[in-house]
Amino acid sequence: MRLSQYFLPTLKETPSEAQIVSHRLMLRAGMIRQSSAGIYSWLPLGFRVMKKIEQIVREEQNAIGVHEMLMPTIQPADLWRQSGRYDSYGPEMLRITDRHDRDMLYGPTNEEQITEIFRDAVKSYRDLPQHLYHIQWKFRDEVRPRFGVMRGREFLMKDAYSFDLDFEAAKTTYNKQFVAYLKTFKRMGLTAIPMQAESGPIGGDMSHEFVILAVTGESEIACHRDFLDNDWLDNIDLEGDLQVVVNAFTDKYAATDERRDPEIEKTLGDDLVVARGIEVGHIFYFGKKYSETMGAVVTGPNGEDVTVEMGSYGIGVSRLVGGIIEASHDDDGIIWPQSVAPFQAGLINLKPGDSACDEACEALYQKLIDAGVDVLMDDRDARAGAKFADMDLIGLPWQVVVGPKGLKDGIVEVKNRATGERQEVTPEDAVKKLAG
RNA sequence: CGGGGCGUGGCGCAGUCUGGUAGCGCACCUGCUUUGGGAGCAGGGGGUCGGAGGUUCAAAUCCUCUCGCCCCGACCA
């Protein structure tokens, strides 16, 4: 991509409404613009990151055999009357009336919708288990949206729903998602700690929040120090026995604020860490809560009616964009992990109009593309300082700087955004380095 | 929803107390000079001060109402 032809409206100054670092950086880096409180437009750069995150989530869901589908954003109120949640959900639910005066709502979640689909289609235990997900926009009319996209009213979420015949099967499904979540967040360069959590208005017994640590985190958490000194985490074979992996994580103490246990914490002593975290995922087993109220029943092996066991598994996709920035930035801007970076590298032409620079950049640009490197070339007629500042701000993992001075010696500079390390190499070596 | 703050050009702000029809920096346009970490000089365009009503000879400034946004708290992916 050529920056001269791209839409990247960066800001030198921070808009006054943005307080926390991810919100500030997302506005300054031209990733988002606010439409109204808690509702954002995603500009090209931000959209790319969100799509990268979405794709990682998708791949890990597909890998455990969950099937992708898509349910609507607008749902009929009657569906929610069946579960009783139309009345209990409260003002967080955005209620709409259509032209025929029918009660509708903008979905804050999709348990009712998926349960209706399931119960109308699945009648025999032979068709179990079923495990489905979609990645769709949700709306929750928060009283007080804040923190930019981390606590918006409109947000993109992956939510999966499982249907099993009995508790044992449901537990296995839960474990699959548990491990899939570990892999998903790890791929994004995050350390997400599974924590015992309240199951909230969705209800249920077995529930874990996946929390990433950040000083600006929204809530306090407590956990065993081991989660931070995470070399043992790297030694867990995520491909191994599910229950063993899940136990490895759940055996160590980790709890959200409302679930903390003073007794256990006393025994931990110096191993106790209290920190702030951002919830990026939440998995629930809630048994028959919806299957009972909505009649999701199959015929069992002995001809008896069996009310199915359900669970739901959410990941805040749009929230993760902000969450990753909270976990990975410095004074100059964002530092994207490779896997979610909007481009892998930035190519800075320090002197557009200079034929040596132009030719070297065009050649490098093409070679990088040919080598499969997603590159953003800053070919704007701007000053060097502005280009460096913008490139640091948008946080691409690598920067290749091409200027007249280096070119005299046949050299370009490769900078690692995360470490700040710079190397002077030939253009050929630069391509090798980035492609490798 | 309780408490607090703020709305003045694209962004950041001053001016409001002590009314006299708008200013600064950045950004933008033109020209010249510059060119390896957000350039310099000169010239230029853009706002009627969130909105409505009121007081006054005169309102960004005073009064009333209203809308929006932000922060703390309660609540939440």
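Letters A, B, ... are given to chains in the order of the sequence lines, protein chains preceding strands, and every chain is numbered from 1. Just so it is clear, the values below take in all heavy atoms, side chains as well, and ignore hydrogens, waters and symmetry mates.
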*asked:* Side chains of Met391(A) and Asp378(A), heavy atoms from C-beta outward: is any pair under 4.5 Å?
replied: yes
When rounded to the nearest 0.5 Å, the distance separating CG of Asn349(A) from CG of Asp379(A) is 7.5 Å
Q) Charged N to carboxylate O under 4.0 angstrom, Lys367(A) versus Asp370(A)? A) no
Short N-O contact, Asp164(A) and Lys171(A), less than 4.0 angstrom: no
Please confirm whether Arg95(A) makes a cation-pi placement over Tyr106(A), using NZ or CZ under 6.0 Å from the six-membered ring centre and within 45° of the ring normal. no
Scan [X] against the nucleic acid and name what it touches under 4.0 Å (heavy atoms): base, sugar-phosphate only, or nothing.
X: Gly353(A); answer: nothing
X: Asp392(A); answer: base
X: Gly316(A); answer: nothing

Name every residue in [range] that has at least one heavy atom under 4.0 Å from any atom of RNA chain B, in order of residue number, or write none if there are no such residues.
range: residues 397-428 of chain A; value: Val401(A), Gly403(A), Pro404(A), Lys405(A), Gly406(A), Glu413(A), Lys415(A), Arg422(A)
range: residues 320-344 of chain A; value: none
range: residues 35-72 of chain A; value: Ser36(A), Ala37(A)

Between [N] and [M], how many Å separate the two [atom1] atoms, rounded to a whole number?
N: rU66(B); M: rU21(B); atom1: P; value: 32 Å
N: rG43(B); M: rG51(B); atom1: P; value: 33 Å
N: rA14(B); M: rG5(B); atom1: P; value: 16 Å

Quick note, Pro15(A) side chain, CB onward, closest among rC72(B), rC11(B), rC76(B) is rC11(B)
Going by 5.5 Å between centroids and 30° between planes, is there a stack of Phe388(A) over rG38(B)?
no
Has Ser16(A) got a side-chain N or O lying under 4.0 Å from the OP1 or OP2 atom of rG12(B)? yes
Sorted by chain and number, sequence neighbours left out, salt bridge (Lys or Arg N to Asp or Glu O under 4.0 Å) with Lys138(A) holds for Asp159(A)
Aromatic rings His23(A) and Tyr40(A): how do their planes relate, parallel, tilted or perpendicular, breaks at 30° and 60°? perpendicular
Re rA42(B): Watson-Crick or G-U wobble partner, both distances kept under 3.5 Å, found to be rU30(B)
Answer for the Watson-Crick or wobble partner of rG2(B), both distances under 3.5 Å, is rC72(B)
Contacts of Ile20(A) and Arg319(A) projected onto RNA chain B by closest heavy atom; the upstream (5') one is Ile20(A)
Closest non-hydrogen contact found for Leu27(A) with Leu11(A) is O-CD1, 3.8 Å
Show each protein N/O and nucleotides 22-28 of chain B N/O combination with a separation under 3.5 Å, one pair to a line.
{"from": "rG25(B)", "atom 1": "N2", "to": "Glu13(A)", "atom 2": "OE1", "distance (Å)": "2.7"}

Open item on the list: I'd like to know if the side chain of Asp261(A) and the backbone of Glu263(A) have a donor-acceptor N/O pair within less than 3.5 Å.
Closed with: yes
For nucleotides 32-35 of chain B, which of its nitrogen or oxygen atoms have a protein nitrogen or oxygen under 3.5 Å away, and what is each distance?
{"from": "rU34(B)", "atom 1": "O2", "to": "Arg383(A)", "atom 2": "NH1", "distance (Å)": "2.8"}

Handout entry: Greater than 12 external heavy atoms within 6.0 Å of Lys415(A)'s NZ
Key = yes
